[in-house]
Amino acid sequence: MKRILCVLLVLALAASFAFASGTQGAKVEEVSGEVSVTSWQWFDPGIKPFWDEFQPAFEKEYPNLKVTRIEIPAARYWDQIVVLATAGPAPDLIHGTALKVKQFMAMDVLDPLDDHMDTDAAFANSYEAQRTFAEANGNIYAYITGARTLQMIYNKMLFDEAGISGPPTNPDDFLEYARKLSKPGENQFGVGLKANITHYEDTYDCVLQFPAGYGSNFVEDGKIMTTDPNTIKGVELYKKMLNEKLSPVVLEAANREILFNNKMAMYIDGPWIFTEAKLDHPDTYKNLRGTATPFENKAAIGGANHFLMIPKDAKNKAGAAEFIKMWNELEWQRRHCMITGLVVASPEGIPAEKVEQDPWFQAFVDGMDTAVAPIPEGFETQASKFVKIIVEAVLDEIVSQNKPTYEVMEKIIPELEAVR
Amino acid sequence: MNSPSSKRKKKWTGVHRRRTSFAVILLLPSLLSMGIVLVMPLVRAIIWSFQEMNLLLPATKNNFIGLGHYVDMFQDGTFWKIALNTAEYTVFGVAGAFLIGLVTALLLNEDFRGRSFIRALVISPWPVPYVVTCLVWMWMYDKQFGVVNSILLQLGVISEQIGWLNDPTFAMFSVLVTTIWKEFPFATIMMLAGLQNIPKEQYDQARVDGANLIQIFRNVTLPGLRSVTMIVLLLLIIWIFKRFSFIYIMTGGGPAKRTETLIVTTYNEAFDFLEFGRASAMGVIMLIVIFIFTLIYLSVQERRAD
Amino acid sequence: MTKGKRPFRRRIKKPIKFFLLYTVMAVVCVLIVFPFYWMALSSLKPTEIFGAVMSLLPTRLDPASYITVFTEHPLLTWLRNGFVVALATAFFCITIACFAAYSLSRFRFKGRALYSSLLLGTQMIPIVLLVIPIYIFFKELNLLNSLVGLIIAYITFGVPLCTMLLKSFFDTVSPEIEESALIDGCSRLGTLLRIVLPLSLPGLAVTALFAFLQAWNEYVFAATFLSRLQKYTTSIGLQSFIGMFTIDWSSIMAGAVVVTLPTFLVFAFLQKGLIKGLGTGALKG
């Protein structure tokens, strides 16, 4: 009886080991093996098509390399890549945003690209940002796969219906048009604002748009400006639009759904909206137009925002570098731009045909000139906290609880100082 | 049980010692697994709670700051707000789960046709994974397209869609409903088993004595359920106090920390802000609270039993 | 002790009581079961979901979401992973726990109270406190992203509860039979295996079910330790359906149905024995 038990135990153990043994990454010899990548872009219908083209082409070019996508559920992506980069197991390439790049650089978990490729040669003709944004100690730590600013996307059909000839160019028109274009009875919204407290970064970008439009910011030149009259003006406009229910208050995905159903007249977001519309919602696509943000200074939030990075503990850094090198080839940059509408690392990567084919793209190209970086200098390390403090102050205390804007903005000054 | 004492008197040294070490040997596998995977990490976490451990600021890592984190927390107004939320969530969650469990158990204790089938339906939330529960309820609570708003609108109860999960007035309520829905079957099952353990003779005796339904309930049913109730309440309180998935997945602690409980804050401090020191301190505080509560609870129960 | 029909009911007004009982039961059941109904209905209406008002009754059902769910996501892999982990957890928990429970039940030894308090103590620890240290620990052992690591974690946290449950079940088995067996020359271990275990089979089943469900439902460890999609269990697999930019509710509901159905059916069959089993043992402790 005892013997039978022992045998059973051993069998059970063996069985669970057999089931559970995962794929170990192949030993790296030269440029071969597995290149594991994490990205959120596989979930974005507006950007995924590029990956689906690039990846097989890469594997064809390098038959010894196999690209593995590490898919992380959207809700956990931003937390999980931090865990992977710090506590491990590190992927070979991490796709992240500007905020994450700064964080990772501060935590010293990235490998400089210079160790694995000739960055001077590769980035000789790139935009300035490629050489300076993720630079430290003479090394470059991240590669820009996409730069963008958030511009005004509007639905011409809804505008025509309401008898409005063109998009707003100043905040007063912005408010007035939003009111005219909202039809609560038909579930139609004049504008789409990001006011989701669980998705901090996106909401922050949207909130920042308003002070920026009035020429201000939360922090300028190292000084905290939350109580600046223009900042307050901006926040109050944001609050007013939410209070008058001119915008839905939902998750990003639902915002897009409403937009693609021709039920949202204006939305400030990136070029992937057009790409997704073209692919999946052609009826809405023909109604959508792109233009500058509805402020006189046309300030737009953004800049370089999508980066590929190689973590220090990556197993196949050589393979990862090859991936970046191929992505950087002008051919592929042009393809990326054509498909996604993102501005890429080099100016030559933007094909002329893009604007011809998609007139809305012009707004995004122009926008690079008036780009406002979301995270101010000096706050990058604890940017998560910075963003959270502002979003909570605005959404919770100012909008929800209706506390006086000036008081709240004043109150958070010491909190923001603490995360400098 | 009469065997150990009688044998002990006969053969003191030899058998007793052998039996003791044998008894302890039997405990070894469990001690081993608990020791390695539970105690060691726990000790590590406790040590971290006394250190500065913000992974975003590697320079200050592992600085010993003693009770620094604890003092910070007690002086932080937000911490107390969250503690209040936790108390609210626990009290209402446990009360709801317990009461519904009791009522359903009483109903299911009656003998009627189809009882087995109905019983299976009543405890059906139990084998559902937490994630599935959260997803289904999130879909039902959806402001624009959810069925709850749809039904209430059609019935004329509300005139405008309510954001069940993102309106500060309703968020806690919504999360509590989901929590209770998922947690009450445990109470039902335990109470039902307890009810079935009450000897039929006691009911017969009560009837013979001329008691009516309410009196029977008060004098036979309730006392008979006493010990089960104690266990069920204790476990429910500990579990719901620590409950993470519902709030984290459904509201993330929002809107504006309205539904945030201690455990969610602990998680956010660790994974969002990479403040492992502070997060560990918060976890330790939770542990101490549960520990003290259990001590008090058990001693009250002991005293009552005398 | 007869448990069953209580004859005195015939003296009370039977029809009214039954009517009341059935009505209340019906309402309660509808409220409890409605989410399942809505889950199933939503999974079969992929296009209607964002329309005006989705009707409460089944009209024009469309299984398209189920096809999506199986072709675009490795749902079967997740189901397999989930079952493997939960079954292994239940098996090992029972095995380890029954030795400890036997010891607690049959022996009085120094440190017995200490051990019992230790068991209760483990139930009090908030899991989130331990997630990071265990994560780092597992990383050093290369147990991350593996079902084995998850199983080890689940066993560690499942054994205390199982031990407590099993102890109370063992307590109900009268020791006299073991006495005579011991006198006849049977070893202690033998009495455990040949007498106590067979006699407490319902209790074993209940405990196994608890352990299984605890592992099957668990979220925090699974979400933290598993980062490759192929390794996901059902618990977190469904969470991956929520995209950053798209939420396909119909597919999510279809996935939820597929995940809930098997355990639900098994549970429905076992629930009678579950309650009976609990009655015999756990509550006497």
Side-chain angles (χ1 to χ4, degrees), chain B residues 1 3-4 19-20 22-23 26-27 29-30 33-34 37-38 41-42 44-45 104 107 110-112 116 118-123 127-132 135-136 139-140 145 147 150 189 192-194 196-197 199-200 207 228 238 242 244-245 263 266-267 270 276 280 283 286-287 290-291 294, chain C residues 1-3 5 8 21 25 29 32-33 35 38-39 50 53 96 99-100 102-103 107-109 115 122-126 128-130 132-134 137 152-153 155-156 159 163 175 179 188 213 216-217 219-220 234-236 238-239 249 252 256 259-260 263-264 267-268 271-272 275 278-279 283:
Chain B
M1 281 211 253
S3 54
R19 223 178 297 132
T20 307
F22 181 66
L26 286 179
L27 297 180
S30 63
S33 80
M34 285 194 289
V37 186
L38 210 150
L42 181 62
R44 210 168 187 176
T104 47
L107 289 171
E110 302 288 325
D111 199 9
F112 55 89
S116 236
I118 300 281
R119 187 170 53 204
L121 283 186
V122 168
I123 60 177
V128 181
Y130 292 107
V131 172
V132 172
L135 289 174
V136 174
W139 170 231
M140 291 186 6
F145 307 110
V147 67
S150 169
I189 293 194
L192 194 52
Q196 291 183 347
N197 262 348
K200 188 180 146 307
R207 257 183 312 114
V228 192
I238 296 181
K242 293 192 300 169
F244 177 72
S245 344
I263 192 110
T266 311
Y267 185 88
F276 289 165
S280 299
M286 285 186 71
L287 179 56
I290 297 178
F291 183 69
T294 311
Chain C
M1 217 192 317
T2 51
K3 296 173 191 172
K5 291 204 162 134
F8 74 98
L21 187 66
M25 278 317 317
C29 277
I32 294 174
V33 169
W38 195 246
M39 172 174 86
F50 287 105
V53 181
I96 297 177
F99 290 115
Y102 185 71
S103 173
F107 298 116
R108 303 262 181 285
F109 54 90
Y115 183 78
T122 59
Q123 294 300 299
M124 300 194 260
I125 303 176
V128 172
L129 176 65
L130 296 180
I132 295 279
I134 298 183
F137 180 49
I152 293 177
I155 293 174
T156 308
V159 160
T163 308
E179 294 281 298
R188 266 290 174 182
L213 281 181
W216 177 257
N217 288 350
Y219 172 71
V220 183
T234 50
S235 192
I236 54 171
L238 283 185
Q239 206 200 9
W249 281 112
I252 296 179
V259 162
T260 321
T263 22
F264 188 74
F267 197 70
Q271 46 102 8
K272 192 168 189 176
I275 297 176
L278 274 173
L283 302 170

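Letters go in sequence order (proteins before strands), and every chain restarts at 1. Keep in mind that this is a model prediction, so the values were computed, not measured.
- Contacts between B/Tyr130 and chain C at a heavy-atom distance below 4.5 Å involve backbone atoms as well as side-chain atoms.
- In terms of heavy atoms, B/Ile118 sits closest to C/Cys29 at CG2-SG, 3.6 Å.
- C/Met124 approaches B/Lys242 most closely through the heavy-atom pair O-CD, 3.7 Å.
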Exercise for the section: Verify side chain to side chain contact (heavy atoms under 4.5 Å, CB included) between B/Leu135 and C/Gln239, making sure each step is shown before the conclusion. Expected result: CA-CA 8 Å; B/Leu135 289 174; C/Gln239 206 200 9; 5.5 Å; no
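- Among all heavy-atom pairs drawn from B/Val136 and C/Met39, the shortest one is CG2-SD, 3.5 Å.
- The two residues C/Val259 and B/Pro129 have their closest heavy-atom pair at CG1-CG, 4.0 Å.
- Annotation for C/Thr156 and B/Ser33: closest pair CG2-O, 3.4 Å, computed over non-hydrogen atoms.
- In this structure, the portion of C/Ile252 lying under 4.5 Å from any heavy atom of chain B is its side chain and not its backbone.
- Residue with the most contacts toward chain C among B/Leu38, B/Val132, B/Ile238: B/Leu38 (heavy-atom pairs, distance under 4.5 Å).
- Distance check: B/Leu27 CG to C/Phe107 CZ gives 10.0 Å after rounding to the nearest 0.5 Å.
- Looking at B/Thr294, only its side chain comes within 4.5 Å of chain C, counting heavy atoms on both sides.
- Shown here for B/Ser280 and C/Leu129, the closest heavy-atom pair between the two residues is O-CD1, 3.4 Å.
- Using a 4.5 Å cut-off between heavy atoms, C/Ile125 contacts chain B through both its backbone and its side chain.
- When heavy atoms are compared at a cutoff of 4.5 Å, B/Arg44 approaches chain C solely by way of its side chain, counted from C-beta outward.
- For the options C/Ile132, C/Val159, C/Ile96, heavy-atom pairs under 4.5 Å to chain B are most numerous at C/Ile132.
- Among the candidates C/Val33, C/Leu130, C/Thr260, the residue making the largest number of heavy-atom pairs closer than 4.5 Å to chain B is C/Leu130.
- Of the two parts of B/Phe276, only the side chain, counted from C-beta on, holds a non-hydrogen atom closer than 4.5 Å to a non-hydrogen atom of chain C.
- Put simply, the side chain of B/Phe244 reaches to within 4.5 Å of the side chain of C/Val128, judged on heavy atoms.
- Among B/Ser116, B/Pro29, B/Ala270, the residue making the largest number of heavy-atom pairs under 4.5 Å with chain C is B/Ser116.
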